[in-house]
Amino acid sequence: MSRIVMKFGGTSVANMQRIRAVAAHVRREADAGKSVAVVVSAMAGETNRLVALCEEAGAPAPALDARGVEYDAVVASGEQVTSSLLALVLQNLGYRARSWQGWQIPLKTDAAHGKARIAEIDAEAIGAAMDGGEIAVVAGFQGIAPNGRIATLGRGGSDTSAVALAAAVGAERCDIYTDVDGVYTTDPRLAKKARRIAKISFEEMLEAASLGAKVLQTRSVELAMAHKVPLRVLSSFEPPDAQGPGTVICDEDDIVEQNIVSTVTPDFNDASVTILAVPDEPGRAAGIFTALADADINIDMIVQSASREPGYANISFTTKEGELDRALEVLSAEQDAIGFKSLQSDRKVAKVSVVGLGMKSHAGVASIMFKTLADKGINIQNISTSEIKISVLIDADAAEYAVRVLHEAYGLDDDRKPGA
Ligand code: ASP
Ligand code: MG
């Protein structure tokens, strides 16, 4: 019998009315003869509420001590509630259904409370229950740590629970239901011409997710790619009997016509730092980035350029806005050791990225980006690239406009591409 995993996020289970709508989607698949596991998030806003309570009680996560253990027991409770409510609704519709908490499966994690990683899923019992015609309703976001206590997987972790479960039970696909009907070429709130993408590769989705496209947790995409679990992003707000096709996320070999650029993604959470007049000699960059790494500050988009003063260089990088103050403190503390002259920072920057598999095989993708921005008078402060991505750092005020003109320049406004 073919098994599928369906995952519903917080807005999809926000109240009893929404949970009933979810049950209607689930029964459609069960009636079609699938062995079904459903992974649910907590009701929208519930995890935030629980996190705030923990903070009030003196347990900021992630804490790798006794406080982290209790934090996890509190925040995991949101999913315990929704999984059992959905099982109840399904039972009342005449279906056999039961809830599974992470420890009951068991879904085993490592010891990193608050941001645990999945170590192993014993899928035998749950797989047998599914094939026996019982709908398995699984509490997402949680598992059991080696100490026998509940562990949570980090915010947004239910996506990862769903993909890992799909891999463990050998599901033919994992359907991720959310409040949008798929993955878009760009944020529809910024560009009216944004279009739903019919198919996108794991690799592209991974870049887009880590660039801040909020549809899927980055780790869930990594896991789907590693285990080749096809994903579909769908809306639970569509009528169950008129479900749209959503967006399929799959192996690049399964995409016949690859887009040169699939998405244009803005990220407004970046800030830039420039370190002026660093002595141009071996070991200085190492000193800077080791100090930042030791403080657990993530950095991106590094550029070194010649300083006006001979024998010195300027080094710029970006970090998340929330980490900027800490980055500046760490660098100031190291000023004498590193030997730079001064620091500058800018919060009013945005990173705009274009992602597309076709870049691997097509020349000129970068020049379109630079020429389009130049024609509109948008200055580029910083550039970074990967095999399938080009990012530029620009003034935050120009970012929305940049997204729209790039969307058009890469042919994404066009009705026939890449929508379905
Ligand atoms: N409820 C958790 C959160 O809000 C997990 C999830 O929704 O994926 O982060
Ligand atoms: Mg989510």
Side-chain angles (χ1 to χ4, degrees), residues 5-15 18-19 21-22 25 37-55 59-63 68-87 99-103 105 107 109-110 112-118 121 137-145 150-167 174-180 183 205-206 209-210 212-224 229 231-237 249 269 322:
V5 173
M6 307 171 78
K7 184 260 170 179
F8 294 89
T11 51
S12 299
V13 295
N15 52 47
R18 296 299 319 146
I19 291 176
V22 165
H25 287 281
V38 188
V39 175
V40 289
S41 289
M43 290 181 181
E46 179 64 6
T47 309
N48 286 344
R49 189 183 75 86
L50 295 167
V51 168
L53 287 174
C54 286
E55 279 166 1
V69 177
E70 301 308 341
Y71 167 95
D72 273 348
V74 174
V75 299
S77 67
E79 275 74 7
Q80 177 163 346
V81 171
T82 47
S83 57
S84 292
L85 289 175
L86 178 58
S99 63
W100 296 76
Q101 307 307 308
W103 61 268
I105 295 176
L107 184 154
T109 71
D110 65 11
H113 281 278
K115 51 169 190 186
R117 296 184 78 91
I118 298 174
I121 298 181
V137 189
V138 175
F141 181 50
Q142 54 163 276
I144 178 169
I150 295 170
T152 63
L153 306 178
R155 297 306 304 271
S158 296
D159 291 336
T160 300
S161 306
V163 173
L165 183 66
C174 181
D175 291 344
I176 309 274
Y177 287 81
T178 174
D179 52 4
V180 290
V183 179
M205 194 61 221
L206 200 55
S210 52
K214 288 174 203 72
V215 211
L216 290 171
Q217 199 200 31
T218 308
R219 259 167 66 198
S220 70
V221 184
E222 268 168 16
L223 207 58
V229 179
L231 301 179
R232 259 197 325 169
V233 174
L234 300 156
S235 168
S236 71
F237 288 74
I249 305 161
N269 292 319

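Counting starts at 1 for both ligands and their atoms, following the listed order. Being a predicted model, the structure only gives us computed values, none of them experimental. When a residue number appears, it is its place in the shown sequence, counting from 1.
Considering backbone and side-chain N/O atoms, Ser158 comes within less than 3.5 Å of an N/O atom of ligand 1. For the pair Glu79 and ligand 1, the shortest N or O to N or O distance falls below 3.5 Å. Between Gly154 and ligand 1, no pair of N/O atoms sits closer than 3.5 Å.
Atoms of ligand 1 lying under 4.0 Å from at least one heavy atom of Arg155, given by number and element, are 3 (C), 4 (O), 9 (O). Distances below 4.0 Å separate heavy atoms of Ser41 from the following atoms of ligand 1: 6 (C), 7 (O), 8 (O).
At a threshold of 4.0 Å, the pair Glu46-Arg49 counts as salt-bridged, since one of the basic side-chain nitrogens sits closer than that to a carboxylate oxygen. In summary, Arg117 and Asp110 do not engage in a salt bridge, as defined by a charged side-chain N under 4.0 Å from a carboxylate O.
The distance from atom OG of Ser12 to atom CG of Leu234, rounded to the nearest 0.5 Å, is 10.0 Å.
Considering only residues two or more places apart in sequence or on other chains, Arg18 meets the salt bridge (Lys or Arg N to Asp or Glu O under 4.0 Å) condition with none of them.
Using a 4.0 Å cutoff on heavy atoms, Gly156 counts as a contact of ligand 1. The shell of residues lying under 4.0 angstrom from ligand 1, judged by heavy atoms, includes Gly157.
Side chain of His25 to backbone of Ser236: a donor-acceptor contact under 3.5 angstrom is found. Judged by distance alone, with hydrogens and angles left aside, the side-chain atoms of Ser161 form a donor-acceptor pair with the main-chain N or O of Phe141 at under 3.5 Å.
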